[in-house]
Amino acid sequence: MVGQQLYGFQKIGGMMEMLKSSVMKSLSLRQLLAMNYVSSNSKLTRVGDRIYMNTFTPYFPSEAFERYVSGIVQTVNGKPTPVMMNFAVTANCICNCWHCSFSDRTKKNQLTLEELKDAIHQVQALGTSMIGFTGGEPLLRDDIADVISLVGDKSMSLMFSTGYGLTPSKVRELKDAGLGIPVISLDHYKAEEHDKRRGREGMHATAIKAIEMYQAEGMYVAVSFVPDHELISNSEELYKTLDFFKSLGVNDMRLTSPILSGHLTDHPEEKLTAENIKTVNEVQKFLVKNKGYPACFAYDVFESEKFYGCGAGFHFIFVDSSGNVCPCDFCSVSLGNMRERPISEIWEEYSKICRAPGCSCYANKISDAIADTHTTVRPLSVEQSKEIIKKCPSFTPGVVPKFYKKMGFKWDEDLLKK
């Protein structure tokens, strides 16, 4: 494993370092306790002079970390800020993943390097401190390193990839471009199971080689893990997979549950059960507690009412490969296209509608309504999207996830009267 995981006094020392930053010193005691609530349920890893918490927080120290905390505080104080966002830089892909959320998107001309440059400047002006690059397969773009280099120091960059076509020289190029965290798709310890889920033979070996190449360059590496019902319900196989990640020396893991979008839009049976989600919570605690295992950000844990909740359209946005600005990667609704209107104008609309975090996945919440439109165009038109958002609001007035409650989230009084 690259770096050193921090436990006991080492973790306390790392947290004390973070508290010395100017932005942390500006927080109230209440806000500091809220931030501690999250960090105490996370694993810290030191890599050189950097401290990583998870793939949803910029490493410390960095300008991106300072902007991240400031953005969270702005959001809590009533000014929704797109603290985090993803760009789909291409719709092209070599896989056909069973859970793919992008499979039904209308395929059009992908954003150019100049368009991405302008878009990144726009979102950073809005306060974005974390920018992920996804697809499709981002490595299919010959200029992906140039894309990543556009981010600079204001945000931390991530890239979500299968590892397809990666070479040692490409890894060095991506590292030199400023890639913060590479995230590799890996769903099972058995090659045949992973390849079946990804719809292409050889992807398991491809993922492992990619992890090894990034590690050879001293990079903090994460995996994107999407367990289905069969795996999450089989404790022996599930923990063998976690042991496998440990044996690979993986630093971090995104545990993403199947979400009713793309291939799964009309398959509500793929949602994890309450018992499955209980298992996910147990996995989160197990990984944070035990040395050598990767850190973990399980969506069903952190996007629940216990932590951040769902920030779709509230502290998160997604721009697809055609320029459509959506609440998140999995929400097939959009309030506009960056090729037609500035992202700042579109975000202003989102901030007036998605005024608070939800307590559950918004993509799952609107899945039935999207299916009921009986249209194959994704994302839906702006008019259809507004109807769905009106029919299925992203939040419940007066109800806020625990982290935001601890931070002192300020409700708009008009919202509480609705």
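This is a predicted model, so every value here is computed, not measured. Residue numbers run from 1 in the order of the sequence given.
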Engineer: Can a donor-acceptor pair be found, under 3.5 Å and without considering hydrogens, that links the side chain of Lys365 to the backbone of Cys392?
Structural biologist: no
Engineer: Can you check whether Tyr59 and Tyr52 have ring centres sitting under 6.0 Å from each other?
Structural biologist: yes
Engineer: Please give me the minimum heavy-atom distance between Thr396 and Trp411, naming the atom from each residue.
Structural biologist: O-CH2, 3.6 Å
Engineer: Quick one: do Arg197 and Asp187 make a salt bridge, cutoff under 4.0 Å?
Structural biologist: no
Engineer: Determine whether Glu17 and Lys20 satisfy the following criterion, salt bridge (Lys or Arg N to Asp or Glu O under 4.0 Å), listing intermediate values before the conclusion.
Structural biologist: CA-CA 5 Å; Glu17 285 182 45; Lys20 292 177 182 178; over 6 Å; no
Engineer: Kindly say whether Asn290 contributes a backbone atom to a donor-acceptor pair with the side chain of Tyr7 at under 3.5 angstrom?
Structural biologist: yes
Engineer: If every non-hydrogen atom of Lys43 is compared with every non-hydrogen atom of Val288, which pair is closest and at what distance?
Structural biologist: CE-O, 3.5 Å
Engineer: So does Gly178 get a backbone contact from the side chain of Ser157, meaning a donor-acceptor N/O pair under 3.5 Å?
Structural biologist: yes
Engineer: Give a yes or no on whether the backbone of Pro82 and the side-chain of Thr128 come within a donor-acceptor separation of less than 3.5 Å.
Structural biologist: yes
Engineer: Can you tell me which residue pairs pass the ring pair (Phe, Tyr, Trp, His ring centres under 6.0 Å) test with a partner in residues 157-198, sequence neighbours excluded?
Structural biologist: His194-His204
Engineer: Please answer whether the main-chain N or O of Val23 pairs with a side-chain N or O of Glu66 as donor and acceptor at a distance below 3.5 Å.
Structural biologist: yes
Engineer: Answer yes or no: is there a donor N or O on one side and an acceptor on the other, between the side chain of Lys406 and the main chain of Tyr37, under 3.5 Å?
Structural biologist: no
Engineer: Is it the case that more than 12 heavy atoms not belonging to Glu387 sit under 6.0 Å from its CD atom?
Structural biologist: no
Engineer: Apply the side chain to side chain contact (heavy atoms under 4.5 Å, CB included) test between Tyr214 and each candidate in Leu179, Ile181, Val2; give the one that qualifies.
Structural biologist: Leu179
Engineer: To check you understand the geometry: which heavy-atom pair defines the closest contact between Met156 and Thr57, and what is its length?
Structural biologist: CE-O, 3.9 Å
Engineer: Is it true that Glu282 and Lys285 have a side-chain N and a carboxylate O under 4.0 angstrom from each other?
Structural biologist: no
Engineer: Using atom types as modelled and distance alone, determine if a side-chain donor or acceptor of Lys209 lies under 3.5 Å from a backbone N or O of Gly163.
Structural biologist: no
Engineer: For the pair Gln215 (side chain) and Gly249 (backbone), establish whether a donor and an acceptor sit closer than 3.5 Å, ignoring hydrogens and angles.
Structural biologist: yes
Engineer: If the test is ring-ring contact (aromatic ring centres under 6.0 Å, His included), which one of Phe56, Tyr308, Phe307, Phe302 qualifies with Phe403?
Structural biologist: Tyr308
Engineer: Is the ring centre of Tyr362 less than 6.0 Å from the ring centre of Phe316?
Structural biologist: no
Engineer: So does Glu230 get a backbone contact from the side chain of Asn234, meaning a donor-acceptor N/O pair under 3.5 Å?
Structural biologist: no
Engineer: Is Arg67 reaching over with its side chain to a backbone N or O of Lys154, donor-acceptor style, under 3.5 angstrom?
Structural biologist: yes
